[in-house]
S.K.: 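Have a look at this one before I ask anything.
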Amino acid sequence: MFDLRANENKWQQQWEKTKLHETDLQTAKNPFYNLMMFPYPSAEGLHMGNVFAYIGSDIYGRFKRLQGHDVFEPMGFDAFGIHSENYAIKVGIHPLELIPRNIENFRERQLKKLGVMFDWKHQVDTTDPKYYRWTQWIFLQLYKNNLAYKKKSAVNWCPSCLTVLANEQVVNGFCERCKTAITKKETEQWFFKITNYAQQLLDNLNWIDWSESTKIAQRRWIGRSEGLRISFPIADLKEQIEVFTTRPDTIFGATYLVLAPEHPLLGKLVTSEFEKEVNEYVQAAQRKTNIDRESIEKEKTGVFTGSYAINPANNEKIPIWISDYVLMTYGTGAIMAVPAHDQRDLDFANKYQLPVVEVIKGKEVFDKKTAYVDDGVLINSEAFNELSNREAIYKINAWLIGENKAKEEINYRLHDWCISRQRYWGPPIPIVYCSQCGTVPVPEEDLPVLLPEVEDFRPKGEGTSPLANIIEFVNTKCPKCHGEAKRETDVMDNFLDSAWYFFRYPSAHDDSQIFDQQLIKKWLPVDMYIGGNEHAVLHLMYTRFITMVFKDLGYINFEEPFVKFRAHGTIIKDGHKMSKSKGNVVNPDDHLEKYGTDSLRMYLMFLGPYQEGGDYSDSGIKGAKRFIERVYEYFSSVDAWEEKEFADHCNQELINLVHETIKNVTIDIEALKYNTAIAKIRSLYNYIEEKQVKNKMVGEIFIKLIAVFTPHLAEELWSLLKNEYSVFNYGWPEYDEAKIIIEKIEMVVQVNGKVRGRMEVASDISQKEMEAKALEIENVQKHVANKEIKKIIVIENKLVNIVVI
RNA sequence: GCAGGUGUGGCGAAAUUGGUAGACGCGCUAGACUUAGGAUCUAGUGUCCUAUGACAUGGGGGUUCAAGUCCCUCCACCUGCACCA
């Protein structure tokens with residue numbers, strides 16, 4: 001009996017000994033950078049999702065290697081961040097001790113067993129000072145180029161993680177990590193100006209070769225909308241309120257304004273009569289979580305400020321209200337309410353008895369309950385009456401702009417990236433505050449700003465990092481005037497660590513520079529990136545931003561990091577995502593031990609399309625193991641392989657099958673359709689076994705095809721056939737369309753689209769002969785009898801359809 | 001609510017993009033070998049059925065010689081985003 005585990009150990013050792021997977025980056029002639037998303041090393045170890053992702057990516061890498069590329073397939077650890085830190089807190093072990101232990105476990109006990117061709121010489125660990133020194137360096141470059149700034153604003157606050165979060169890390173109002181409801185907190189934070197790149201981030205989506213689902217998610221997240229910024233003068237005050245709208249055609253129906261409770265002009269607007277009510281409302285809004293505030297089920301509330309604005313279109317006096325359905329974070333934090341044509345405004349107007357003026361007439365009669373939001377003809381709009389609203393938009397825009405009452409504006413949903421974290425486990429922000437010189441960046445030669453060893457690394461929750469309590473860390477000298485100064489005590493968002501790691505892999509041990517320009521030129525952008533779509537608007541957005549910054553600062557000459565990105569699917573179990581609470585988690589270690597890596601690799605790739613994932617079943621993996629054992633038995637039982645050109649000595653059926661299989665498997669793997677590739681390889685094997693094929697060339701072709709899926713088995717079979725190590729140095733099989741000769745075809749004969757018979761015909765038969773032959777079939781005659789043949793449709797090599805009436 | 005996706009045997013899934021529905025597997029059934037089988041091998045396996053028949057790709061309708069595939073409509077589930085002005 002074939003011992004899969006022993007065989008795997010044997011070849012893994014051999015690979016390591018011969019450095020088969022170490023690519024010489026300098027001399028490589030045909031580079032292919034095959035990247036997969038690196039993991040954060042949790043103590044639980046790899047889960048089935050990681051395993052699925054890495055195996056799928058490795059198959060592509062092995063395929064490219066066999067096709068003759070020098071494949072660079074590095075791996076590293078995304079070990080900074082709240083996830084790692086929270087785990088350390090939970091188990092009560094300091095991250096400085098825990099994380100290296102986890103990394104060791106991940107690499108030695110798990111990743112190395114997957115049979116993936118990682119090049120460990122280029123391992124990267126984001127918590128290594130030699131790495132985060134460059135993360136800090138990146139911060140400094142952004143700072144020097146006005147792309148990093150500090151500002152006070154209402155930011156997302158997680159009351160459980162005790163830190164602020166970027167918008168991308170708030171999921172449905174909950175913390176991405178711990179699922180706690182997010183509140184708003186008014187504090188000073190560091191931001192990166194990702195919004196400077198909003199348009200470029202959007203435009204490039206038109207040409208990068210990424211999974212469509214990922215591109216759609218990014219487009220929506222960037223959320224470009226075109227409209228007008230209109231100024232509404234405030235009655236009795238020399239101020240203006242600016243609103244953003246995409247529907248200037250409805251301006252004559254704007255019957256009131258609504259400001260966000262945080263709006264800066266609010267103080268000036270509120271009349272003494274309404275002061276108490278307004279203050280109470282503002283305070284209540286501040287206390288609410290985003291969930292309470294942004295839930296659309298909730299009834300809208302608001303209060304009148306006592307002031308009025310002038311509608312610049314018709315000079316009507318309209319009241320100014322505040323409400324928390326208007327967000328300070330989008331547009332100008334103020335809207336013109338057009339209740340007749342916006343459902344939210346209508347609900348609000350009905351509740352507080354505000355006037356509703358219909359300005360666009362549609363087909364249906366407006367019932368004051370459902371806002372009319374479709375196209376129509378303008379009414380109650382003075383000079384613009386009877387225009388279609390599509391036309392009116394242009395005319396009203398031109399008029400308002402001409403009158404200096406508005407200007408065109410493009411708004412994005414995307415906000416600047418808040419990178420401050422009031423936590424311990426991250427790279428310190430390299431900034432010093434001096435009472436004389438103000439905010440001073442740490443000089444590049446003083447990097448890294450080392451993360452100090454702190455006994456109590458728990459977050460304190462006062463809006464400051466635990467580092468704020470370390471006097472030796474905080475107190476420092478100003479790099480400019482050498483006077484007393486204090487360090488910034490926040491650390492950087494973990495997503496910055498991972499936004500540039502693939503730039504570092506080729507230069508992983510270069511302490512003189514962030515990366516070697518020559519190597520970057522040779523190896524980047526990444527040829528193929530595979531990862532989970534949960535990072536569609538997080539990692540994959542930030543990493544594009546950082547790449548664009550590198551380009552603009554002159555470090556690289558490309559602006560998109562990944563030529564090709566593919567999102568893999570998720571592995572589910574019994575119809576649900578694997579999760580501890582559902583109790584359906586499959587531990588990959590057990591299955592690796594029991595069935596071997598090759599079985600697991602083959603099974604995972606076979607259970608569904610790679611980009612969709614699939615449902616894991618324990619029994620399915622047995623089938624893969626059975627297949628591997630059967631193949632081994634067959635190959636080892638052949639004592640004499642015929643060393644002949646198979647194309648000359650085999651029957652045409654086998655020749656056709658081999659060429660067709662090579663062709664289809666090549667196409668399928670390129671498209672990541674591993675499940676069907678495996679099905680076709682198995683079909684070929686079934687034929688080999690059934691017909692007891694012993695041609696050595698056919699055997700070798702089969703081994704190469706299966707090698708990407710079951711590399712250990714392939715090496716063993718390769719040596720069984722007395723070939724030289726390693727099969728991965730011997731190229732991907734070629735197919736030759738010309739060798740596929742079809743002499744006879746089985747054709748289906750239909751009568752009125754229903755199959756009534758089959759016939760075997762020579763491939764060079766004429767259409768007339770084919771028709772005649774079809775009509776000879778007894779069962780066909782039965783169905784054609786006494787009927788008039790209207791026409792006969794012949795599809796080459798497939799079928800004949802006789803249409804009768 | 002919006003966007004995207006999915007819906008095919010008992011199960012995971014295929015289907016050359018309009019041309020033989022169910023490839024390749026899992027499971028199951030029967031048989032062989034065996035002291036034994038949760039091992040292995042062989043055969044069978046969409047449903048109904050006397051079938052050379054009929055019916056079958058979430059439901060209904062349409063286009064076509066021909067529809068899982070195209071169009072209309074309805075339903076269910078999954079994933080994102082969600083008061084974005």
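Because the structure is predicted, anything quoted here is derived from the model rather than measured. Each chain gets a letter, A, B and so on, in the order its sequence line appears, and its residues count up from 1.
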S.K.: Has A:R626 got a side-chain N or O lying under 4.0 Å from the OP1 or OP2 atom of B:C26?
M.R.: yes
S.K.: Hey, which sits more toward the 5' end of RNA chain B by its nearest nucleotide, A:K790 or A:I335?
M.R.: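 Nearer the 5' end of the strand: A:K790.
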S.K.: Rounded to the nearest Å, what distance is computed from the CD1 atom of residue A:I681 to the P atom of nucleotide B:G25?
M.R.: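 Taking atom P of B:G25 as the reference, CD1 of A:I681 is at 12 Å.
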S.K.: Decide, yes or no, whether a salt bridge links A:R566 with A:D209 under the criterion of side-chain N to carboxylate O below 4.0 Å.
M.R.: yes
S.K.: Using Watson-Crick and G-U wobble pairs with both distances under 3.5 Å, what is the 5'-to-3' dot-bracket string of RNA chain B, with [ ] for crossing pairs and | for pairs outside the strand?
M.R.: (((((((..(((......[....)))((((((.......))))))(((....)))..(((((..]....))))))))))))....
S.K.: Rounded to the nearest 0.5 Å, how far apart are CD1 of A:I793 and CG of A:L799?
M.R.: 9.0 Å
S.K.: Quick one: label A:I795 by what it contacts on the DNA or RNA (base, sugar-phosphate, nothing), any heavy atom closer than 4.0 Å.
M.R.: base
S.K.: Answer yes or no: is there a donor N or O on one side and an acceptor on the other, between the side chain of A:D324 and the main chain of A:P261, under 3.5 Å?
M.R.: no
S.K.: Closest approach to the side chain of A:R220, judged atom by atom: which nucleotide of B:A85, B:G12, B:G80 is it?
M.R.: B:G80
S.K.: I'd like to know if A:K622 reaches the base of B:C26 with its side chain such that a donor and an acceptor end up less than 3.5 angstrom apart.
M.R.: no
S.K.: To the nearest angstrom, how far is A:D668 atom CG from B:A14 atom P?
M.R.: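 Interatomic distance, CG of A:D668 to P of B:A14: 11 Å.
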S.K.: Contact class for A:N533 vs. all strands (heavy atom < 4.0 Å): base, sugar-phosphate, or nothing?
M.R.: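 Answer is nothing: A:N533 stays at 4.0 Å or more from every strand.
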S.K.: Measure the distance from CD1 on A:I410 to C1' on B:A85 and round it to the nearest whole Å.
M.R.: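 Those two atoms, CD1 and C1', are 16 Å apart.
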S.K.: Nearest of B:G19, B:A14, B:A85 to any side-chain atom of A:T676?
M.R.: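 Nucleotide nearest to A:T676's side chain: B:A14.
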S.K.: For A:W210, does the six-membered ring have the charged nitrogen or CZ of A:R544 within the cation-pi criterion, i.e. under 6.0 angstrom from the centroid and within 45° of the normal?
M.R.: yes
S.K.: Quickly work out the A:E212 CD to B:U79 P distance and round it to whole Å.
M.R.: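 Atom CD in A:E212 sits about 21 Å away from atom P in B:U79.
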S.K.: Mind calculating the distance between CZ (A:R224) and C1' (B:A3) to the nearest angstrom?
M.R.: 19 Å
S.K.: Would you say A:D342's side chain and A:A371's backbone share a donor-acceptor pair under 3.5 angstrom?
M.R.: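 Side chain of A:D342 to backbone of A:A371: no pair is present.
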S.K.: Which whole-number value in Å describes the distance from A:L799 CG to B:C65 C1'?
M.R.: 10 Å
S.K.: Does the ring centre of A:F635 sit less than 6.0 Å away from the ring centre of A:F702?
M.R.: yes
S.K.: Where does B:U17 land, syn or anti, given syn is within 90° of 0?
M.R.: syn
S.K.: Under 4.0 Å from OP1 or OP2 of B:G25: is there any side-chain N or O of A:R682 that close?
M.R.: yes
S.K.: Would you mind reading off the distance between A:M541 atom CE and B:C81 atom P, rounded to a whole angstrom?
M.R.: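 Nearest whole value for this atom pair: 12 Å.
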S.K.: Under 4.0 Å from OP1 or OP2 of B:A82: is there any side-chain N or O of A:R413 that close?
M.R.: yes
S.K.: Please give the distance between the C1' atoms of B:C48 and B:A43 as a whole number of Å.
M.R.: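 So the two C1' atoms sit 23 Å from each other.
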S.K.: Taking atom P of B:G19 as reference, at what distance in whole Å does atom CD1 of A:I802 sit?
M.R.: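 Rounded to the whole Å, the gap is 20 Å.
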S.K.: Need the glycosidic conformation of B:G68: syn if within 90° of 0, anti if not. Which one?
M.R.: anti
S.K.: With the side chain of A:K798 defined as its heavy atoms from C-beta on, choose the nearest nucleotide among B:U16, B:U20, B:G80.
M.R.: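 So the side chain of A:K798 is nearest to B:U16.
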S.K.: Just to confirm, is there a sub-4.0 Å distance from OP1 or OP2 of B:A85 to any side-chain nitrogen or oxygen of A:S225?
M.R.: yes
S.K.: Looking only at the aromatic ring of each residue, does the gap between the centers of A:H535 and A:F565 stay below 6.0 angstrom?
M.R.: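 No: the rings miss the under 6.0 Å criterion.
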S.K.: Choose from B:G80, B:G12, B:A23 the nucleotide whose nearest atom is closest to any side-chain atom of A:F606.
M.R.: B:G12
S.K.: Determine whether the aromatic ring centres of residues A:F495 and A:W417 are separated by less than 6.0 angstrom.
M.R.: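 No, the ring centres sit 6.0 Å or more apart.
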S.K.: Between B:C26 and B:C41, how far is it from one P atom to the other, in whole Å?
M.R.: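 To the nearest whole Å, 10 Å.
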S.K.: A:N801 side chain: which of B:G19, B:A85, B:C2 is closest?
M.R.: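 The listed nucleotide nearest to A:N801's side chain is B:G19.
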S.K.: Does a side-chain N or O of A:R219 approach OP1 or OP2 of B:A3 to a distance below 4.0 Å, or not?
M.R.: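 Answer is no, no contact under 4.0 Å.
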S.K.: Within the structure, does a side-chain N or O atom of A:N779 lie under 4.0 Å from either OP1 or OP2 of B:G53?
M.R.: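 For A:N779, the contact criterion (side-chain N or O under 4.0 Å from OP1 or OP2 of B:G53) is met.
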S.K.: We want to know whether A:Y330 and A:S225 form a side-chain donor-acceptor pair, criterion being a heavy-atom distance below 3.5 angstrom.
M.R.: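 Their side chains do contain a donor-acceptor pair, which is all the 3.5 Å distance test asks for.
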S.K.: Can you figure out which of B:A82, B:A85, B:A13 approaches the side chain of A:W221 most closely?
M.R.: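 For the A:W221 side chain, the nearest candidate turns out to be B:A82.
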S.K.: Report which part of the nucleic acid A:G223 touches: base, sugar-phosphate, or nothing (heavy-atom distance under 4.0 Å, all strands).
M.R.: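 Contact class for A:G223: none.
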S.K.: Do A:R630 side-chain and B:U40 base share a donor-acceptor contact under 3.5 Å?
M.R.: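 No.
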S.K.: Is it true that A:Y685 and A:F627 have ring centroids separated by less than 6.0 Å?
M.R.: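 When the ring centroids of A:Y685 and A:F627 are compared, they turn out to be within the sub-6.0 Å range.
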S.K.: So does A:K754 get a side-chain nitrogen or oxygen closer than 4.0 Å to the phosphate oxygens (OP1/OP2) of B:C55?
M.R.: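 Answer yes for this pair, as a side-chain N or O of A:K754 is under 4.0 Å from OP1 or OP2.
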S.K.: Measuring from the side chain of A:Y325 (C-beta onward, heavy atoms only), which nucleotide among B:A14, B:A85, B:C83 has the closest atom?
M.R.: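 Within the option list, the nearest is B:C83.
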S.K.: Is A:N686 close enough to B:G25 that one of its side-chain N or O atoms is under 4.0 Å from OP1 or OP2 there?
M.R.: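 Affirmative; the distance criterion is met.
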S.K.: Given that A:S213 and A:S683 both sit by RNA chain B, which one's nearest nucleotide is further toward the 5' end?
M.R.: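 This one resolves to A:S213.
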S.K.: If the cut-off is 4.0 Å, is A:N675 near the phosphate of B:A14, judged by side-chain N/O to OP1 or OP2?
M.R.: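 Answer yes for this pair, as a side-chain N or O of A:N675 is under 4.0 Å from OP1 or OP2.
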S.K.: In whole Å, measure the gap between the C1' atoms of B:G9 and B:C2 for me.
M.R.: 36 Å
S.K.: For the P atoms, the ones on B:A36 and on B:G31, what distance do you get once it is rounded to whole angstrom?
M.R.: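 One P to the other, the span is 14 Å.
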S.K.: So, taking the atom named CG in A:N350 and the one named NZ in A:K300, what distance separates them when rounded to the nearest 0.5 Å?
M.R.: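 Taking CG in A:N350 and NZ in A:K300, the distance rounds to 12.0 Å.
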S.K.: A:R756 near the nucleic acid: base, sugar-phosphate alone, or nothing, with a heavy-atom cut-off under 4.0 Å?
M.R.: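 Result for A:R756 = sugar-phosphate.
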